[in-house]
Engineer: 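One structure coming up, written as structure tokens, with questions to follow.
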Amino acid sequence: QVQLVESGGGLVQAGGSLRLCCAASGSTLSINGIGWYRQAPGKQRELVARISSTGSKIYADSVKGRFTISRDNAKNTVYLQMNSLKPEDTAVYYCNADSLLTSEGWGNDYWGQGTQVTVSS
């Protein structure tokens, strides 16, 4: 069974940095698009950043210039470098893979369990 396992969340002061990591476990052979979403209390889940299998990236306007998404295809891992963090970045951050290949074939829409990011003012 494939799992997306996130790590790297925590508590940081405003202006600080964190690096999130999401690794696909199990028998993952390849991943298409993969990215990060976040959900703050009382708000809807929103896209933060996404990267395609060819490396094309999109970012939410609120994080452009501060966050950088990258991936290591050999490790089936995606990263989110978050700099100049603001209190409004506080949320649970989720990793999502839109489609993923294992020895059993392609599957769609995988989510991680989430990692908490808290930015204090």
Engineer: At their closest point, which heavy atom of Ala49 faces which heavy atom of Leu80, and how far apart are they?
Structural biologist: CB-CD1, 4.2 Å
Engineer: Does the side-chain contact (heavy atoms from CB on, under 4.5 Å) test come out yes or no for Arg38 and Val63, once each step is laid out?
Structural biologist: CA-CA 12 Å; Arg38 67 186 181 187; Val63 307; 4.0 Å; yes
Engineer: Remaining members of Ile58's ILVMFWY cluster at a side-chain heavy-atom cut-off under 4.5 Å?
Structural biologist: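 Members besides Ile58, by chain and number: Tyr37, Leu47, Val92, Tyr94, Trp111.
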Engineer: To the nearest 0.5 Å, what is the distance between CD on Gln81 and CG on Leu20?
Structural biologist: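 Between atom CD of Gln81 and atom CG of Leu20 there are 9.0 Å.
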Engineer: Sequence neighbours left out, what pairs pass salt bridge (Lys or Arg N to Asp or Glu O under 4.0 Å) with at least one residue falling in residues 15-35?
Structural biologist: none
Engineer: Of all heavy-atom pairs between Ala97 and Leu4, which one has the smallest distance, and what is that distance?
Structural biologist: N-CD1, 3.7 Å
Engineer: Which residues pass the salt bridge (charged side-chain N to carboxylate O under 4.0 Å, His left out) test with Arg71, sequence neighbours left out?
Structural biologist: none
Engineer: Provide the full list of disulfide (SG to SG under 2.5 Å) pairs with a residue in residues 60-91, sequence neighbours left out, each pair given once.
Structural biologist: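 Checked against disulfide (SG to SG under 2.5 Å) - neighbours excluded - no pair reaches residues 60-91.
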Engineer: Say whether, by atom type as modelled, one donor and one acceptor occur between the side chain of Asp98 and the main chain of Gly33 under 3.5 angstrom.
Structural biologist: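 At least one qualifying donor-acceptor pair exists.
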Engineer: Taking salt bridge (charged side-chain N to carboxylate O under 4.0 Å, His left out) as the test, write out the residues that go with Asp61, two or more places apart.
Structural biologist: Lys64
Engineer: Donor-acceptor pair, distance only, cut-off 3.5 Å: does the side chain of Asn96 make one with the backbone of Tyr110?
Structural biologist: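 Yes.
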Engineer: How far does CG of Asn76 sit from OG1 of Thr102, to the nearest 0.5 angstrom?
Structural biologist: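 Going from CG on Asn76 over to OG1 on Thr102, the span is 11.0 Å.
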Engineer: Once side chain to side chain donor-acceptor pair (under 3.5 Å) is applied, what residue pairs with a partner in residues 22-31 remain, sequence neighbours excluded?
Structural biologist: none
Engineer: Under a 4.5 Å side-chain heavy-atom rule over Ile, Leu, Val, Met, Phe, Trp and Tyr, are Val78 and Val2 clustered together?
Structural biologist: yes
Engineer: Under 3.5 Å, which donor-acceptor pairs link side chains of residues 5-17 to any protein atom two or more places apart or in another chain?
Structural biologist:
{"residue": "Glu6", "atom": "OE1", "partner": "Gln113", "partner atom": "N", "Å": "2.9"}
{"residue": "Glu6", "atom": "OE1", "partner": "Gln113", "partner atom": "NE2", "Å": "3.4"}
{"residue": "Glu6", "atom": "OE1", "partner": "Gly114", "partner atom": "N", "Å": "2.6"}
{"residue": "Glu6", "atom": "OE2", "partner": "Cys95", "partner atom": "N", "Å": "2.6"}
{"residue": "Glu6", "atom": "OE2", "partner": "Gly114", "partner atom": "N", "Å": "3.4"}
{"residue": "Ser17", "atom": "OG", "partner": "Asn83", "partner atom": "OD1", "Å": "2.9"}

Engineer: List, by chain and then residue number, the residues other than Leu101 in its hydrophobic cluster (Ile/Leu/Val/Met/Phe/Trp/Tyr, side-chain heavy atoms under 4.5 Å); write none if there are no others.
Structural biologist: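 Result for Leu101 is Leu29, Trp106.
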Engineer: Using the ring-ring contact (aromatic ring centres under 6.0 Å, His included) rule, collect all pairs that involve residues 51-72, keeping only residues at least two apart or in two chains.
Structural biologist: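 For residues 51-72, and leaving out neighbouring residues, there are no ring-ring contact (aromatic ring centres under 6.0 Å, His included) pairs at all.
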Engineer: If you look at every heavy atom in Trp36 and Tyr93, which pair is closest and at what distance?
Structural biologist: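 In this case the closest contact between Trp36 and Tyr93 is CE3-CB, 4.3 Å.
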Engineer: Looking only at non-hydrogen atoms, find the nearest pair between Thr90 and Ala40 and report the distance.
Structural biologist: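 Minimum heavy-atom separation between Thr90 and Ala40: O-CB, 3.7 Å.
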Engineer: Kindly write out the residues that satisfy salt bridge (charged side-chain N to carboxylate O under 4.0 Å, His left out) with Asp72, not counting sequence neighbours, or none if the list is empty.
Structural biologist: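 Here no residue qualifies.
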Engineer: With sequence neighbours excluded, give me every disulfide (SG to SG under 2.5 Å) pair touching residues 36-87.
Structural biologist: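 Non-adjacent pairs meeting disulfide (SG to SG under 2.5 Å): zero.
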Engineer: The criterion is salt bridge (charged side-chain N to carboxylate O under 4.0 Å, His left out); which residues satisfy it with Glu88, sequence neighbours excluded?
Structural biologist: none
Engineer: Calculate, to the nearest 0.5 Å, the distance between atoms CD and CD belonging to Gln44 and Gln39 respectively.
Structural biologist: 8.5 Å
Engineer: Over all heavy atoms of both residues, which pair between Ile31 and Ala24 is shortest? Give the atoms and the distance, please.
Structural biologist: CD1-CB, 3.8 Å
Engineer: Can you list the steps and then say if Met82 with Asp89 is a side-chain contact (heavy atoms from CB on, under 4.5 Å)?
Structural biologist: CA-CA 9 Å; Met82 305 186 294; Asp89 294 319; over 6 Å; no
